[in-house]
Amino acid sequence: MRVSVIGCGYLGAVHASAMAKIGHDVVGIDVDLHKIGTLSQGDAPFFEPGLPELLREGMASGRLRFTGDIAEASGAAVHFIAVGTPQEKDGYAADLTSVNAAVDALLPHLAPGDVVAGKSTVPVGTAVDLAARIEATGATLVWNPEFLREGWAVKDTIEPDRLVVGVPFDPSTGHCSEAGERAADLLREVYHPAVAAETPFIVTDWATAELVKVAANAFLATKISFINAMAEIAEVTGADVTQLADAIGHDVRIGRRFLGAGIGFGGGCLPKDIRAFSARAEELGRGESVTFLREVDAINLRRRERAVQLVVEALGGQVYKKKVTLLGAAFKPYSDDIRDSPALDVAVRLRGLGASVTVTDPAAIDNARRLHPQLAYVEDRDDAIRGADAIVLVTEWDLYRRDLTPPHASRLTSGRVVVDGRNGWDAAAWRAAGWRYYGMGRP
Ligand code: UDX
């Protein structure tokens, strides 16, 4: 099938490559010509495991190309909208400028029977606002949210755990319209390998599809902040939040995943999505339904400050001129994404207190340096640790969490303080090697 993907960021570049991988003829379109140039050479403009291989394979097969010219979308049966919806500069709401611009640019190239599939995360009600313009061309609008995780984006796109398609409903019958049925069938064809593998395929209305995405992210953020709130209680009672998480996680109704207490969540999705959800709920007159998301955000931000406090305490009450090495800059491992990164936030706060901060990361140093040139960056992990008064684990890359052993660290520095911002290390092993170990919500 001929498919166009408008917006070639994290979401769109992966989606376009994955669509080519499963046999479609794909054109990826973006207004950023620099990005188009990079992708056209088969290079990924960001770090995502498996993406470079997929890009090269797609280009070599002749089924994948990238362009800055939206006119090349014509002839595609399905047009995916995968542009960004960042937080507004002066508020919590999502900025829909790119979504509107992409749809307006696409309109002249739509033909009757085409399907426009929104993938961007948008406030509930966006599809209704866009529909008239799209339907005037004879095309059908569906909302098909994306649940990919950075670092696992390729796998999550090719083998999603569920597919959700919001289609137009006929207000007179209350049923999915005929055009909606046809559009859902077309998307079943698009996602044929997942459909053949009996992946749940949920056909619903626009509003539900839009809400599924924000509700999923709100739930995940809440789960993380819940365990971080327990960490705060553990800190004043001597309890260990990691054991608590193990114990409650055995209950299948709760589950252990996303109960990792530490410096909290960041990235381009969870923080902005919960804020946009609050803003939209307010607009809908239902702000009180999601007031708890403000609390989720507040707990999350407090944990960054708590990590800073732990470093200060561990270094005897002040960090001025103390050498502190931060292991990690990305918001999570297997990513070079530093958007709203808790790791960098902790680094910047420590530097603000006068510490001599060194940051290392296997993938995110270039991005971090652009945003925070005032911090010192060292590529090599061991060089970064050498001579440190304190080591702080802020992004749990294997290179740090799994591979850095206490005896090895002891050979690199005479400082004997580790602050484990991700509760990723074995506290007993560090203590046995003579280190003072500080976890988040652990005695
Ligand atoms: C998230 C959703 O998981 C994904 O479904 C959606 O499509 C986009 O947003 P992503 O931003 O890639 O994906 O990151 P995710 O793996 O969810 O992690 C988010 C943040 O939460 C990271 O900063 C991570 O370190 C933190 N986290 C995660 C915790 O602090 N504790 C946990 O137990 C899990």
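Just so we're clear, the structure is a prediction, and the values are computed from it rather than from any experiment. Basis for what follows: all heavy atoms, side chains included, without hydrogens, waters or symmetry-related copies. Whatever order the structure lists ligands and atoms in, that order sets their numbers, starting from 1.
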For residues D398 and Y334, is any side-chain donor paired with an opposing acceptor at under 3.5 Å? yes

Looking only at heavy atoms of K213, does any of them come nearer than 4.0 Å to an atom of ligand 1? yes

Enter the distance from L54:CG to I158:CD1 here, rounded to the nearest 0.5 Å. 5.0 Å

Without hydrogens or angle criteria, can the side chains of Y400 and R422 be said to hold a donor-acceptor pair below 3.5 Å? no

Is there any salt bridge (charged side-chain N to carboxylate O under 4.0 Å, His left out) pair reaching into residues 205-222, and which pairs are they, with sequence neighbours excluded? none

With atom 31 (N) of ligand 1 as the reference point, say which of A261, P342, G260, P333 has the nearest heavy atom. G260

Hey, is the main chain of I36 close enough, under 3.5 Å, to the side chain of D30 for a donor-acceptor pair? no

Walk me through whether R294 and D297 qualify under salt bridge (charged side-chain N to carboxylate O under 4.0 Å, His left out). CA-CA 5 Å; R294 306 268 167 169; D297 202 5; over 6 Å; no

Over 60° means perpendicular and under 30° means parallel, so tell me whether F80 and H15 are parallel, tilted or perpendicular. perpendicular

Can you sort out which atoms of ligand 1 are near E150, meaning under 4.0 Å from one of its heavy atoms? 12 (O)

Closest to atom 27 (N) of ligand 1 by heavy-atom distance, out of L11, I224, N217, is I224

Distance under 4.0 Å to a non-hydrogen atom of L220: what atoms of ligand 1 satisfy this? 3 (O)

If the contact criterion is a heavy-atom separation under 4.0 Å, does G262 count as touching ligand 1? no

I need the atoms of ligand 1 closer than 4.0 Å to a non-hydrogen atom of F265, numbered in the order shown. 20 (C), 21 (O), 23 (O), 26 (C)

Using a 4.0 Å cut-off to any heavy atom of R422, which atoms of ligand 1 qualify? 25 (O), 30 (O)

Where's the contact between R257 and ligand 1, heavy-atom distance under 4.0 Å: side chain, backbone, both or neither? neither

If we only count heavy atoms from C-beta on, is the V122 to W143 side-chain gap below 4.5 Å? yes

Short N-O contact, D340 and R275, less than 4.0 angstrom: yes

Return the residue, atom name and 0.1 Å-rounded distance of the protein heavy atom closest to atom 23 (O) of ligand 1. F331 O, 2.9 Å

Closest protein heavy atom (residue, atom, distance) for atom 13 (O) of ligand 1: R149 CA, 4.0 Å

Which pairs count as ring pair (Phe, Tyr, Trp, His ring centres under 6.0 Å) when at least one residue sits in residues 186-208, sequence neighbours excluded? H24-H192

At under 4.0 Å between heavy atoms, what of T395 touches ligand 1? The answer is neither

Logged contact type for E146 with ligand 1, heavy-atom cut-off 4.0 Å, is backbone

Quick test: of every protein heavy atom, which one is nearest to atom 1 (C) of ligand 1, and how far off is it to 0.1 Å? L270 CD2, 4.0 Å

Note the single closest protein heavy atom to atom 17 (O) of ligand 1, along with its residue, its atom name and the distance in Å. F258 CZ, 3.2 Å

Going by the order shown, which atoms of ligand 1 are within less than 4.0 Å of some heavy atom of L259? 33 (O)

Reported CG-to-OG1 distance for the pair L130 and T126, which is rounded to 0.5 angstrom: 6.5 Å

When you measure from atom 5 (O) of ligand 1 to every protein heavy atom, which one gives the shortest distance, and what is it? F147 O, 2.8 Å

Which residue holds the protein heavy atom closest to atom 10 (P) of ligand 1, what is that atom called, and what is the gap in Å? K332 NZ, 3.7 Å

Please state which part of L148 comes within less than 4.0 Å of ligand 1, counting heavy atoms only: side chain, backbone, both or neither. backbone

among protein heavy atoms, the one nearest atom 9 (O) of ligand 1 is C269 CB, 3.1 Å

Are the side chains of S225 and F265 in touch, meaning some heavy atoms are under 4.5 Å apart? yes

